[in-house]
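Okay, structure first, notes after.
Heads up: numbering here begins at 1 and tracks the sequence.
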Amino acid sequence: MRLSRGFAVDSGLISRRALDAVEAVEAAGGLASMAMLGDTVFSTTADGLAEFGAVKRSRINLTGPVLIDDVRQRDFFNTS
């Protein structure tokens, strides 16, 4: 998380608003950084983010990707 934050700041890719959100999370005791696509922040806690807009929560699946609905999934790797 710290490496990601450092890269976002040092490269100049992070917006002022995203940096403010990251700093708010850090002030609340969490860690945060910016996703490289969009003006999106991810963090270890939602604390400090409410003032920046809707906060969405997700979980990390340690087993890897899982198809939720195989019937509708296209197989982009099989072109036959």
Side-chain angles (χ1 to χ4, degrees):
M1 188 75 75
R2 288 181 182 94
L3 289 174
S4 175
R5 182 200 192 285
F7 176 79
V9 172
D10 293 346
S11 67
L13 293 173
I14 195 166
S15 69
R16 180 73 244 172
R17 182 168 167 80
L19 183 57
D20 288 346
V22 167
E23 290 173 346
V25 169
E26 292 171 344
L31 297 173
S33 186
M34 177 193 117
M36 290 299 112
L37 297 174
D39 200 20
T40 303
V41 170
F42 59 94
S43 68
T44 57
T45 179
D47 296 342
L49 289 176
E51 69 182 272
F52 296 96
V55 176
K56 309 269 183 182
R57 291 178 186 243
S58 64
R59 291 180 284 164
I60 297 173
N61 183 341
L62 299 177
T63 62
V66 177
L67 294 177
I68 295 172
D69 183 1
D70 328 278
V71 176
R72 294 186 182 189
Q73 290 289 333
R74 289 188 52 202
D75 184 353
F76 291 100
F77 300 105
N78 184 359
T79 58
S80 57

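With sequence neighbours left out, Arg57 forms a salt bridge (Lys or Arg N to Asp or Glu O under 4.0 Å) with no residue at all. Remark: Asp20 pairs with Arg16 by the salt bridge (Lys or Arg N to Asp or Glu O under 4.0 Å) rule, at least two apart or across chains.
Side-chain contact check for Arg5 versus Leu19: some heavy-atom pair is nearer than 4.5 Å. Side-chain contact between Phe7 and Leu13: present, with at least one pair of heavy atoms (C-beta onward) separated by less than 4.5 Å. Residues Met34 and Thr40 form no side-chain contact, since every pair of their non-hydrogen atoms from C-beta on lies 4.5 Å or further apart.
Taking hydrophobic clusters as Ile, Leu, Val, Met, Phe, Trp and Tyr residues chained together by side-chain heavy-atom distances below 4.5 Å, Met1 does not share a cluster with Leu49. One hydrophobic cluster, built from ILVMFWY side chains closer than 4.5 Å, holds both Phe42 and Leu31.
Across all non-hydrogen atoms, the minimal contact from Ala8 to Ser11 is O-OG, 3.4 Å. Gly48 and Ala24 get closest at one heavy-atom pair: O-CB, 3.4 Å. Across every non-hydrogen atom of Asp39 and Ala18, the tightest pair is OD1-CB, 3.4 Å.
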With side-chain contact (heavy atoms from CB on, under 4.5 Å) as the test, would you mind laying out the steps for Asp47 and Val25 before giving the verdict?
CA-CA 6 Å; Asp47 296 342; Val25 169; over 6 Å; no
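Looking at Ser43, its side chain never comes within 3.5 Å of a backbone N or O of Ala32 through a donor-acceptor pair.
Here Leu3 sits alone; no ILVMFWY side chain lies under 4.5 Å from its own, so it joins no hydrophobic cluster.
Distance check: Thr45 OG1 to Glu26 CD gives 12.0 Å after rounding to the nearest 0.5 Å.
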